[in-house]
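See below for the structure under consideration.
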Amino acid sequence: MKSKILNVSFNEDFSKKSYNIHIGTDLILNPKPILREFIEKRKIIIIHDSYFSLQDNKNKYLYKFVESIKEYSSNVYLLSIPGGDKTKDIFHLNKLIENILSFEIDRESLIIAFGGGVVGDIAGFVSAIILRGINFVQVPTTLLSQVDSSIGGKTGINSKIGKNLIGAFHQPLAVISDMNVLKSLPKREFHAGLAEVIKYGLIKDISFFEWLEKEYKDILTLHQLKLQNIVTKSCEIKAEIIKNDEKEKGERALLNLGHTFAHAIEYFGNHDGRIIHGEAVSIGICLALKFSYFLGFCREEDLKRVANLFEKFNLPTSFNNFKNLSLSSAKLIERFKFDKKNKQNQLTFILNKGIGKSFIHNNVNINDLTQFLDKEI
Ligand code: GLY
């Protein structure tokens, strides 16, 4: 399978930080052609998910990757962190920083994030702040991180108050997305990633949404070419949106479809694994569509079609699946107030005028929202 290369660039960018996303197979086993120019004679710190270990045969990926990097740099250091949102906190951040500084790095050193979204977010954030910023490369190993979190430069950690509230925009030098590594992923993680994939169709591409409806069986069996198409298409849509709005002053907020609900659900789930990010996004998107219908923006048949596709990918579509979170409309609305999209104390939601037509809805009426949530919970 031939690799695809997609360029990410920004219209209003004076530092010209454009970079490539490489999407193919066996890229992790042989990353030299992509990484050579960035790693030669530098100190390399690989921050990897502890799911991957050098000894573990099932995860030969990390071992081969490291061996390949060592051909060009004699100073390669590995640090592992557990995946899962609980790791994305100030404690783990501090530990990483102290460890990395002990390697006597300089501003030419390079961090490589090897893992899912949590590893990419925290490793990216360390890169943004250590020595006031050094370069990093993303090697996303989950579908969710390949289609979303590894691109666009959002890095950060959670605060006790809410998700992703501490962070920086810091673009990587390159992104390497290998379809093979997805085979090593637990099924639940793979399905969760598909929630973010469906999101792109819903935001701006009905034909991609229809393709997902048509191809779902092959996708579930990890058909490599179709996975490559999924990752490429998702990254194309994301790159097109962020090109004009790197720092989320406007259109980039569309990528947050379903996330206001999702972040609140994750908060009440206490990030303890009962519900993982993509599952919360799946419920969140279905709620966003239902809220759009409630406010008269879209048709009932759109809701049914969207829920149907999530269900085909074994994803939850309503609060029913998570009754044990003991939610209430008042508790949820309290959480929504911490969302970064809000302006001047008014709630902002991303809603839909149909499949492929998301829009930013500012100043959401609290009474409407309460009535809607009371009906759903
Ligand atoms: N994950 C949403 C964004 O990158 O803007």
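Every number for a ligand or one of its atoms is a count from 1 in the order of the listing.
- Contact annotation for Lys238 and ligand 1: only side-chain heavy atoms (C-beta onward) come within less than 4.0 Å of the ligand.
- Inclusion of Asp148 in the set of residues having an N or O under 3.5 Å from an N or O of ligand 1 is warranted.
- Side-chain rings of Phe297 and Phe291 stay apart, their centers remaining 6.0 Å or farther from each other.
- Within 6.0 Å of CG on Asn345 lie no more than 12 heavy atoms contributed by other residues, nucleotides or ligands.
- Taking only nitrogen or oxygen atoms, main chain and side chain alike, Lys199 does not reach within less than 3.5 Å of ligand 1.
- Looking only at protein heavy atoms, the nearest one to atom 5 (O) of ligand 1 is Arg252 NE, 2.7 Å.
- Aromatic ring centres of Phe261 and Phe336 lie closer together than 6.0 Å.
- In this structure, the ring of Tyr200 has its center no less than 6.0 angstrom from the ring center of Phe208.
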